[in-house]
There are 2 protein chains.
Amino acid sequence: MLVRIDQKSNEPLYLQLRSQIIASIAQGDLEPGDALPSVRSLASDLGINLHTVNKAYAVLRDEGYVVMRGRSGAYVADPSDHGEAQAEAGLARMDAAIRALALEFRAHGGSKEDFIARAAAQADRAYEEER
Amino acid sequence: MLVRIDQKSNEPLYLQLRSQIIASIAQGDLEPGDALPSVRSLASDLGINLHTVNKAYAVLRDEGYVVMRGRSGAYVADPSDHGEAQAEAGLARMDAAIRALALEFRAHGGSKEDFIARAAAQADRAYEEER
DNA sequence: GTGTATTTGTTCGTATGTATT
DNA sequence: TAATACATACGAACAAATACA
């Protein structure tokens, strides 16, 4: 699993880790059923504390991306297993985030068409297979 | 200026305030040159501490949305006055945020077309005049 | 089977920074 | 400025599980 974190970023480490794992799932680098590394091994690889990895796993579990099987470890969840309420909450959260970004873009003087084009361009990048 | 904040949200108050002021600028409720309320009056209106409002204003100043004129108060900046480097940094930040959202959407099993449609729908809402 | 060593996630405590009053 | 509450990140120790001679 390809993960790199920036110690001197303002974004919390566990959220960086969360985003990277979600990206790995999105791009097919991690598939449903795959086992995630143990918190200790991943923490060691990244040079961070095991609690930070554990917290990232916990939020991914809360969001339905992974399932924890006790000491057996964490596994990538099947998208069809994402709870209904969970999925809706996630979509609502994403909608709000996109709308906030669009408002920022407009406040900067950008046009609606430019924003949509920009979003489409980033979607293209997000939906590439590998890099 | 129409601003409402949610005391029991997990999002920090000063960031909520920042988003709402950006939204007001985006929707034309606040225009370049307009004076923002004093930190004291706005804090009083919202029932929060003046330091919290002051922090929101400071962030908006750092991002180029408003200019502070000492004791005269805070004023909405002209978009054309946004520094070049500042504007580019903002766009880069927004691109990264949109790409991260697209990756989340993909990890949930959503298609690229659906994501773009969703982004366009939120852009429509962000570019409405008033509500 | 038994005993030991290793690996695992969890619990508790601590230090530091941030948000808010 | 000072005080508070909370969030973030780390370290040490624990108990269940696994591996293996």
Quickly work out the [X] [atom1] to [N] [atom2] distance and round it to whole Å.
X       : N      : atom1 : atom2 : answer
A/Lys8  : C/dG17 : NZ    : C1'   : 19 Å
B/Leu17 : C/dA19 : CG    : C1'   : 14 Å
B/Asn10 : C/dT18 : CG    : P     : 19 Å
B/Gln16 : C/dA19 : CD    : P     : 13 Å
B/Glu11 : D/dA7  : CD    : C1'   : 15 Å
B/Leu46 : C/dT21 : CG    : C1'   : 15 Å

Given protein heavy atoms under 4.0 Å, the one-letter contact record of nucleotides 4-15 of chain C, with B base, S sugar-phosphate only and - none, is simply ----BBBBB---

Go through the structure and list residues passing side-chain contact (heavy atoms from CB on, under 4.5 Å) with [X], not counting sequence neighbours.
X        : result
B/Asp114 : B/Phe105, B/Ser111
B/Ile116 : A/Ala120, A/Ala123, B/Lys112
B/Arg69  : B/Val67, B/Ser72, B/Tyr75

Would you tell me if any nitrogen or oxygen in the side chain of [X] comes within less than 4.0 Å of OP1 or OP2 on [N]?
X       : N      : value
A/Asn49 : D/dG11 : yes
A/Thr52 : D/dC10 : yes
B/Lys55 : C/dT20 : no
A/Tyr14 : D/dT8  : yes

Any A/Arg106 side-chain heavy atom under 4.5 Å of B/Ile25 side chain: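 Counting from C-beta outward, A/Arg106 and B/Ile25 never come under 4.5 Å.
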
Can you list every ring-ring contact (aromatic ring centres under 6.0 Å, His included) pair that touches residues 7-64 of chain B, not counting sequence neighbours?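 As it turns out, there is no ring-ring contact (aromatic ring centres under 6.0 Å, His included) pair with a partner in residues 7-64 of chain B once direct neighbours are skipped.
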
Please tabulate, one pair per line, all N/O donor-acceptor pairs under 3.5 Å involving side-chain atoms of residues 31-46 of chain B, not counting sequence neighbours.
residue	atom	partner	partner atom	Å
B/Asp34	OD2	B/Glu31	N	2.9
B/Ser38	OG	B/Ser41	N	3.1
B/Ser38	OG	B/Ser41	OG	3.0
B/Ser41	OG	B/Ser38	N	3.4
B/Ser41	OG	B/Ser38	O	3.1

